[in-house]
Amino acid sequence: MAEARAIIETCTFLGAEVPLPIVPLWDLPAAAVLLGVSHANLRYMLTVHKAYVLPPLYRVKGRRLHRLLRGSEIKALQVRRLRGPGLADYAKDCPG
């Protein structure tokens, strides 16, 4: 098996090096679509399942803060939301 290496690319705007791959981030409306729930239900899930999500990330747009979710948080919420057989193998890979 080939050993995994971090790919480094240089940002042309800042001239800074950025390690790739970058963790994908989704805002709440996009995360609600991925999970198949309403925006209000997703906000409720985030309050109920606080122990399974990491500290919040925010993006500033104008004067408003928009909450962002990592891919691992979406996967953890999906496992908590689903019920039924065959989920044990999927849940092993999730944090929490």
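This chain uses plain numbering: 1 for the first residue, then up along the sequence. Everything quoted here is computed from the prediction, not taken from an experiment.
What you find for Leu42 and Ala32 is that their closest heavy atoms are CD2-N, 3.7 Å.
Between the CG atom in Leu25 and the CZ atom in Arg70 there is a gap of 7.0 Å [rounded to 0.5 Å]. Separation of atoms CG (Leu28) and NE2 (His66) is listed at 10.0 Å; rounding is to 0.5 Å. Rounding to the nearest 0.5 Å gives a distance of 10.5 Å between CD of Glu73 and CH2 of Trp26.
Other residues, nucleotides and ligands contribute at most 12 non-hydrogen atoms within 6.0 Å of the CZ atom of Arg43.
Linking ILVMFWY side-chain heavy atoms closer than 4.5 Å, directly or via other members, places Met45 and Leu69 in a single hydrophobic cluster.
Contact of the Leu77 side chain with the Leu46 side chain is registered, since non-hydrogen atoms from C-beta on lie closer than 4.5 Å.
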